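In this text the structure is predicted, and so the values were computed from the model without any measurement.
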Amino acid sequence: KGLKVKHFKRWLEYLESQGKTTYGSSFHISEMDHPTIYKLLIYMIKDEKAALNQNIDLTKGILVSGSIGCGKKSLMNLVRPFAYHSSEYKIKTCREVSFEFAKNGFEAINCYTLKQANQSRLTGYCFDDLGAEQQIKHFGNDCNVMAEVLISRYEQFVENKSVTHITTNLSASEIENNYGNRLRSRMRAMFNLITFDKETKDKR
């Protein structure tokens, strides 16, 4: 079960191979990104000992932060096969969620904030590119859509450990400015912060 170094090297080769298949032959994982990917894989396979060493809480979700083009979404997609069944997640861009709200109102965000009858917890989601969406209006109803989604999912996280993941290029202060201090404090409780090196290069 442990994420041994020899496994990590093999898994890096797998991720790069899958990346080239999915995103094109120019996809490349730089050595600079290895610590970030190591943390993501530790989280996905639920390696408790390694997680403790890396100060990762396996009951929380992950917030992947990094510059535009560093590969946040592509890596969250590539590491999905390593996730435990109970930790599976879908990827949805924050812009898509906001457009769904603009078209259909609050009904559109129920699938992200309410459990189905047969569910003990919410469906896992990775909301990609937090901050790229704008405040969208539905019949004049002004709503910070992702703030609503995340606060609702926080309540489910507290109640039944529903897990949420996020990618963003916003800083902590920008998140607070865009979504308010109330949400930022809840995000601290919901997420492990995993950050790409500022010098990391575009993956493609």
Note to self: Are more than 12 heavy atoms, taken from residues, nucleotides or ligands other than K20, located less than 6.0 Å from that residue's NZ atom?
What the structure shows: yes

Next item on the list: For residues E133 and V97, determine if any side-chain heavy atom of one lies less than 4.5 Å from a side-chain heavy atom of the other.
Entry: no

Checklist line | Approximate separation, where rounding is to 0.5 Å, of K72 NZ and L130 CG | finding: 11.0 Å

Check: Can you tell me how far the CZ atom of R184 sits from the CD1 atom of I175, to the nearest 0.5 Å?
Finding: 7.5 Å

Check: Does some side-chain heavy atom of V79 sit less than 4.5 Å from a side-chain heavy atom of L15?
Finding: yes

Next item on the list: For E176 and S173, test the side chains for any donor-to-acceptor distance below 3.5 angstrom and give the result as yes or no.
Entry: no

Notebook entry, point to check: Is any side-chain heavy atom of I56 less than 4.5 Å from a side-chain heavy atom of K39?
Noted result: yes

Item checked: Side-chain touch E159/K115, heavy atoms, less than 4.5 angstrom -> yes

Check: D129 side chain to A132 main-chain N or O, any donor-acceptor pair under 3.5 Å?
Finding: no

Item checked: Side-chain heavy-atom pair S87, V163 within 4.5 angstrom cut-off -> no

Next item on the list: Spell out, as yes or no, whether a donor-acceptor pair under 3.5 Å connects the side chain of E96 to the backbone of C94.
Entry: no

Margin query: Assigning hydrophobic clusters by single linkage (Ile, Leu, Val, Met, Phe, Trp, Tyr; side-chain heavy-atom cutoff under 4.5 Å), is L114 placed with V158?
Written below: no

Checklist line | Residues, nucleotides or ligands: over 12 heavy atoms within 6.0 Å of N55 CG | finding: no

Next item on the list: Please tell me if the side chains of M146 and Y179 come closer than 4.5 Å, counting only heavy atoms from C-beta onward.
Entry: yes

Note to self: I want to know whether H7 and Y14 have ring centres closer than 6.0 Å.
What the structure shows: no

Check: Looking at F157, does the NZ or CZ of K161 lie under 6.0 angstrom from its six-membered ring centre and within 45 degrees of the ring axis?
Finding: yes

Margin query: For F127 and Y112, I'd like to know if the aromatic rings sit close, meaning centre-to-centre distance below 6.0 Å.
Written below: yes

Check: Who passes salt bridge (charged side-chain N to carboxylate O under 4.0 Å, His left out) against R121, sequence neighbours left out?
Finding: none

Check: Do I91 and L122 share a hydrophobic cluster (ILVMFWY, side-chain heavy atoms under 4.5 Å, transitive)?
Finding: no

Notebook entry, point to check: Can N169 and S67 be said to form a side chain to side chain contact (heavy atoms under 4.5 Å, CB included), step by step?
Noted result: CA-CA 5 Å; N169 55 34; S67 59; 5.8 Å; no

Margin query: To the closest 0.5 Å, what do you measure between CD1 (I37) and CE (M32)?
Written below: 12.0 Å

Next item on the list: Search all heavy atoms of Y38 against all heavy atoms of A50 and return the closest pair with its distance.
Entry: OH-CB, 4.3 Å

Next item on the list: Report yes if some heavy atom in the side chain of Y89 is under 4.5 Å from a heavy atom in the side chain of I62; otherwise report no.
Entry: no

Check: Which pair of non-hydrogen atoms, one from I29 and one from E16, has the smallest distance, and what is that distance?
Finding: N-OE1, 3.1 Å

Item checked: Distance in Å, Q156 CD paired with T113 OG1, rounded so as to fall on 0.5 Å steps -> 8.0 Å

Note to self: Quiz question: by atom type and distance under 3.5 Å, do the side chains of N178 and E174 form a donor-acceptor pair?
What the structure shows: no

Checklist line | N-O pairing of K92 and E100 below 4.0 Å | finding: yes

Checklist line | Minimum-distance pair of heavy atoms, taken over all atoms of G66 and F196 | finding: CA-CB, 4.2 Å

Check: Among the clusters formed by ILVMFWY side chains lying less than 4.5 Å apart, do L52 and Y84 turn up in the same one?
Finding: no

Item checked: From NZ (K46) to CG (L41), nearest 0.5 Å -> 12.5 Å

Notebook entry, point to check: G61 and H165: which non-hydrogen atoms are nearest, and at how many Å?
Noted result: CA-ND1, 3.6 Å

Check: Got a second to check how far R182's CZ is from Y154's OH, nearest 0.5 Å?
Finding: 9.5 Å

Check: Is there a side-chain contact between V64 and I166, using heavy atoms and a 4.5 Å cut-off?
Finding: no

Checklist line | For the student: nearest non-hydrogen atoms of L58 and I42, plus distance | finding: CD2-O, 4.3 Å

Item checked: Residues H34, K9; criterion side chain to side chain contact (heavy atoms under 4.5 Å, CB included); working and verdict -> CA-CA 10 Å; H34 289 186; K9 184 179 178 183; over 6 Å; no

Notebook entry, point to check: Are Q119 and T123 linked by a side-chain donor-acceptor pair shorter than 3.5 Å?
Noted result: yes

Next item on the list: State, without any angle test, whether Y23 and N77 hold a side-chain donor-acceptor pair at a distance under 3.5 Å.
Entry: yes

Next item on the list: Check the pair F101 / E148 against side chain to side chain contact (heavy atoms under 4.5 Å, CB included), numbers first and verdict last.
Entry: CA-CA 11 Å; F101 171 81; E148 288 291 328; over 6 Å; no

Next item on the list: Evaluate side chain to side chain contact (heavy atoms under 4.5 Å, CB included) for L40 paired with I194, printing each intermediate quantity in order.
Entry: CA-CA 8 Å; L40 288 174; I194 297 180; 3.9 Å; yes

